[in-house]
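Structure first, then comments.
What's counted below: heavy atoms across the whole structure, side chains too, no hydrogens, waters or symmetry copies. What you see is a predicted model, and the numbers here were worked out from it, not measured in a lab. The first residue of the sequence shown is numbered 1, and numbering continues consecutively from there.
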Amino acid sequence: MSTVSLVPETRVLAIASHVSHFVKCGHDPHISYVGNKMATLVMQLLGCDVAALNTVHFSNHTGYRQFKGTRATAEQITELYEGLCQSHLTDFDVMLSGYAPSAAAVEAVGAIGMDLQRKAEKNPGSFFWVLDPVMGDQGRLYVSNDVVPAYKTIIHHADLILPNQFEAETLSGIKITSLSTLAEAITAIHATYNVPHIIITSVDLSRFTQSPSSQTTTPPDSLTVIGSTTRSDGPRVSSASTSQPWTATSAAQVTSPDDKVLGVPRRGQGHGSPSARATVQVLASMHSVLEKTMEARDAELRAADTRGDETLSEEERLKREHLRKSKAAEVRLVRNVQYLREPTVVFQAQEWRKEDLPAGSQ
């Protein structure tokens, strides 16, 4: 393996869900986050040392509509972290936190992030916390209502957050229906939570009412990743569009100290900000991996043995068909690892012009 393909040496604490089976590539409101099953492997393949602290242990992802397993309690999450502390195993450069199964678990994860920040105070800039506020999608929550205020309490400690459009609306209190309200929501999140970096992982700009001067035109059936970094003169906002909806949910997993990018090799392509470069590289990698996955899915479904389905009840037939499609759609990550290390950039980031933003957000 060429060392050129590896990210700088980075130690990561990844706190997220885990499933025994693979991770689905399709868009599903219950699994729109990328858990440790995928994130840990991707970061390890690119040279990162990853300590995985799992918040959920399921047999398979919930898109199958049936699973077995357990959810970690706040006490169990804390106990695992205390075990790392007592053996002096907390010299992490990055913490990536994803799905937490309860408000108490969110608070426990927040306490870990803040503790690692305190440990890094003697060396400013040596630790970076990436937080995915997993709460819901497509207009509805799929966590308990008390999880929302728990996230709102800890988010201001994070360096980068990765909400989807619905989660950005939930955090900002602003319904995103246009470029103007999108910029207002981003500005509100920066101001309310004092978080320096935001990447909204899936926005359907094709449904927006756009100004005649807008550069941001996207075709139907596409999603756009929106990144924003605060500057002294206000937020710096950029976007990158994808031609497949399922690509955007995997975008821009981690940006680390010293502009290191986890999940993709650093190439310096794309728009100038670190978050924009990270987004462009992750989109390039995941676009290729997921294209190969969809090709393999279609081939598997064509070759599927459906003999005997006609003897089943309609309910059982539909259930078997759903399980067959869910299994066929699992990400072919290991077979296509070369696209993670050497991505071909397809989608470029574009900085928004001031006339695209509402007054007061420039």
Under 3.5 Å, is there a donor-acceptor pair linking the side chains of Tyr81 and Asp115?
-> yes
His197 and Ser228: side chain donor to acceptor below 3.5 Å = no
Does the distance from a Lys or Arg side-chain N to an Asp or Glu carboxylate O, for [X] and [Y], drop under 4.0 Å?
X	Y	answer
Glu300	Arg297	no
Asp309	Arg324	yes
Arg320	Glu316	no
Arg317	Glu321	yes

Donor-acceptor pair, distance only, cut-off 3.5 Å: does the side chain of [X] make one with the backbone of [Y]?
X	Y	answer
Ser126	Asn123	yes
Arg140	Gln138	no
Asn164	Glu167	yes
Asn54	Val56	no
Glu169	Lys175	no

What distance separates [X] [atom1] from [Y] [atom2], expressed to the nearest 0.5 Å?
X	Y	atom1	atom2	answer
Ile154	Glu107	CD1	CD	8.5 Å
Leu13	Leu84	CG	CG	7.0 Å
Thr90	Lys119	OG1	NZ	4.5 Å
Ser17	Arg71	OG	CZ	11.0 Å
Leu53	Asn36	CG	CG	8.0 Å
Asp93	Met95	CG	CE	14.0 Å

For [X], enumerate each residue passing the side-chain contact (heavy atoms from CB on, under 4.5 Å) test, keeping only those at least two apart in sequence or located in another chain.
X	answer
Ala191	none
Ala105	Ile77, Ala100, Pro101, Ser102
Ile174	Ser172, Thr181, Glu184, Ala185, Ala188
Ser87	Leu89

Please assess Thr170 against Val148 for the test side chain to side chain contact (heavy atoms under 4.5 Å, CB included), listing each intermediate value before the final yes or no.
-> CA-CA 8 Å; Thr170 301; Val148 176; 3.7 Å; yes
Please name the pair of heavy atoms, one in [X] and one in [Y], separated by the smallest distance, quoted to 0.1 Å.
X	Y	value
Val331	Met38	CG2-CE, 3.6 Å
Ile198	Ile186	CD1-O, 3.8 Å
Asp137	Phe166	N-CD2, 3.5 Å
Phe127	Leu116	CZ-CB, 3.6 Å
Trp129	Ser97	NE1-OG, 3.0 Å
Gln165	Ser202	CB-O, 3.2 Å

Side chain to side chain donor-acceptor pair (under 3.5 Å): pairs with one or both residues in residues 144-163, sequence neighbours excluded | none
Contacts of type salt bridge (charged side-chain N to carboxylate O under 4.0 Å, His left out), residue Arg335, not counting sequence neighbours | none
Establish whether Leu131 and Leu141 are linked, either directly or via other cluster members, by ILVMFWY side-chain heavy-atom contacts under 4.5 Å.
-> yes
Of the options Asp49, Val94, Leu96, which is the one that meets Met43 in a side-chain contact (heavy atoms from CB on, under 4.5 Å)?
-> Leu96
Can you tell if the side chain of Lys292 reaches within under 4.5 Å of the side chain of Tyr339, non-hydrogen atoms only?
-> yes
